[in-house]
Amino acid sequence: MEPRYEDEPQECAPRTTQHHKDEPFSRWPFVIGAIVFCAVAISGGIAIGVVIDRDGVRSMDKAIRGVDNRKVGLTQEISMNAPTIPPTTSGELKNSVNAPNKSPRDPSHPGHPNKGDTKKHMKAPIIAPTYIPTYEPTSKPTSKPTSKPTSKPTSETTTFGQVDTNNPIFKMISSSLGADVLANTDSPAFSSVRWMINEDPLVQSIIHDKDEVIQRFSLVATFFSLRGRTSVRHHRLMYSEKGPSSSVSHETHVSSSSANNEIQRALSWEDSNWLSGLHHCDWDGITCDSNQCITKLVMSELGLEGVLPQNGLLGQLSCLETLDLGDNNIHGQLPDSLYTLTNLKNLHLFKNDIGGSISDNLTNLTNIENIYLGENKLTGSIPKDISIMSNLKQLSLLKNQITGTLPSFPRNSLRYLDLGYNRLGGTLPAEYGKNNFRFLYLDHNQFVKSIPSEYGRMGNWKLQELWLNNNNLTGTCPSAFNPIWILTLQTQGNQIEVGEDVCKLSVLTGRGELTQIGADCGMCDCTTLCDEDHCY
């Protein structure tokens with residue numbers, strides 16, 4: 001064979017450009033089918049029917065099923081009239097369409113409603129699902145509530161005298177003091193609870209402390225019981241000296257036109273800081289201990305015209321040690337709750353219009369030291385067991401209407417006893433000579449018979465003043481008084497003989513400290529000291 005050169009024309013069989021009509025395509029149907037199938041599978045939503053005839057003529061029928069993007073299921077139909085594509089292996093199918101091998105009911109399936117974002121395209125399953133899931137709710141929601149709400153509260157508010165009886169303050173006070181205390185809407189107690197509930201700016205800050213609430217309530221009730229003002233006394237009556245001439249009080253009537261504002265604020269009860277937003281321990285005249293418990297209540301010389309708090313209100317001040325309401329115009333009687341104040345040491349109610357009797361329960365005040373009930377309208381007798389009040393130091397019942405006889409008094413503690421200007425009678429007890437009196441005033445009563453000789457040694461010879469004038473006494477005056485201690489001896493208005501030994505006790509003789517001797521001149525040997533019907 002001759003060698004072939006590149007530049008020489010080569011002769012070859014002519015290339016046929018037209019296939020025979022009965023010759024099938026060799027590879028194209030499968031390539032085209034695979035590409036179309038993969039594209040459709042990825043787009044997720046189009047069903048394809050593929051039909052290939054016996055002669056290799058390829059026809060495609062696209063049936064768009066109108067897939068709703070709200071549905072996750074996909075229906076795939078394969079025409080059964082045409083010969084199917086030869087089955088492929090599972091590996092080829094996975095590589096071509098990446099189809100899952102789990103049921104759509106499996107929650108881990110990509111097409112499960114609970115798996116991932118359903119708005120994204122999902123891969124078509126090989127097996128058609130038996131159900132078509134829906135996004136529509138199973139029941140139509142309603143905008144109406146299932147039950148009609150009510151505007152009324154479950155428990156209705158009950159008002160009584162402009163007070164909510166369901167208020168915790170009302171319930172607290174009612175349970176502590178009894179419902180009867182708040183039964184009368186015109187009472188000071190009800191006015192107090194009404195103020196605390198409707199007006200008190202502080203009560204919510206102490207509502208957790210029952211004791212403080214009750215104390216504040218009792219003070220407010222005291223205000224409503226005692227409020228009022230007619231006059232103010234500038235000087236309190238002091239009992240260190242005796243007699244009408246030494247017991248003068250200066251009274252000044254206060255009016256808005258005559259008194260300046262500063263004096264009015266100082267003396268006016270209603271202009272005080274009571275019933276304010278301050279803590280009650282900071283109110284005028286109130287003193288509390290470190291536990292905020294009230295120990296002193298001082299409201300003297302304020303022209304108070306009401307009555308002492310009733311219905312046990314005063315007894316709620318259980319820590320009270322000093323109660324001073326002296327020099328006012330208080331009327332009514334001593335409340336029973338007063339005798340429950342077992343911590344009380346000082347009781348000053350002098351110069352009022354308090355009536356009624358002194359209860360035998362006075363002896364319950366075992367810590368009491370000073371009792372001043374003078375210049376009132378008290379009646380009845382002195383409690384018979386008063387001698388057991390071993391801490392009592394001073395007792396004044398001056399200018400009342402006390403009747404009966406003299407009882408035994410505490411022997412050692414009591415130094416000051418003033419029972420003058422009453423209606424006491426009987427004889428003078430000889431046992432008083434053994435008492436520790438320093439000041440004894442029994443004048444202007446109805447005592448009879450003689451002065452016991454033991455009175456000369458009274459107070460262990462430390463007696464300073466003895467007032468027995470204006471009784472029905474007879475006999476002679478004891479002379480055994482200590483000349484250093486005795487200062488005043490009043491026996492006038494009786495039938496008492498004053499001997500020369502008594503006259504020697506006078507400071508004028510240089511033998512004693514007696515500065516005042518009261519005696520009837522006809523019965524007195526101290527003639528040099530006699531002036532009209534009295535000896536001095």
**OP:** Before giving the answer on side-chain hydrogen bond (donor to acceptor under 3.5 Å, both in side chains), spell out for Asn370 and Asn346 the whole-Å C-alpha distance, their side-chain angles and the decisive distance to 0.1 Å.
**Re:** CA-CA 5 Å; Asn370 305 298; Asn346 304 291; 2.6 Å; yes
Subject >> Glu431 vs Ser408, side-chain hydrogen bond (donor to acceptor under 3.5 Å, both in side chains): CA-CA, chis, key distance, verdict >> reply: CA-CA 8 Å; Glu431 66 181 68; Ser408 297; 2.8 Å; yes
Subject >> Lys210 and Ser176: CA distance, side-chain angles, deciding distance, side-chain hydrogen bond (donor to acceptor under 3.5 Å, both in side chains) verdict >> reply: CA-CA 9 Å; Lys210 180 179 178 180; Ser176 299; 3.2 Å; yes
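Looking at Ile294 and Ile286, their side chains come closer than 4.5 Å, going by heavy atoms from C-beta outward. A 4.5 Å side-chain heavy-atom check between Val307 and Leu226 finds every atom pair outside the cut-off.
Under the 2.5 Å cut-off for SG-SG separation, Cys288 and Cys293 do not qualify: their sulfur atoms lie farther apart than that.
Between Tyr432 and Phe437, the angle of the ring planes goes over 60°, which puts this pair in the perpendicular group of the 30/60° scheme. The aromatic rings of His348 and Phe350 lie tilted to each other, with the angle between the two planes from 30° to 60°.
Listed by first and then second residue, the ring pair (Phe, Tyr, Trp, His ring centres under 6.0 Å) pairs involving residues 290-327 amount to none (not counting sequence neighbours).
Between Lys434 and the choices Glu454, Arg411, Met458, the side chain to side chain contact (heavy atoms under 4.5 Å, CB included) rule is met once, by Arg411. A ring pair (Phe, Tyr, Trp, His ring centres under 6.0 Å) with Trp467 is found for one member of Tyr441, Phe447, Phe439, Tyr416 and no other, namely Tyr441.
The pair Asp324-Lys296 does not count as a salt bridge, with every side-chain nitrogen at least 4.0 angstrom from each carboxylate oxygen.
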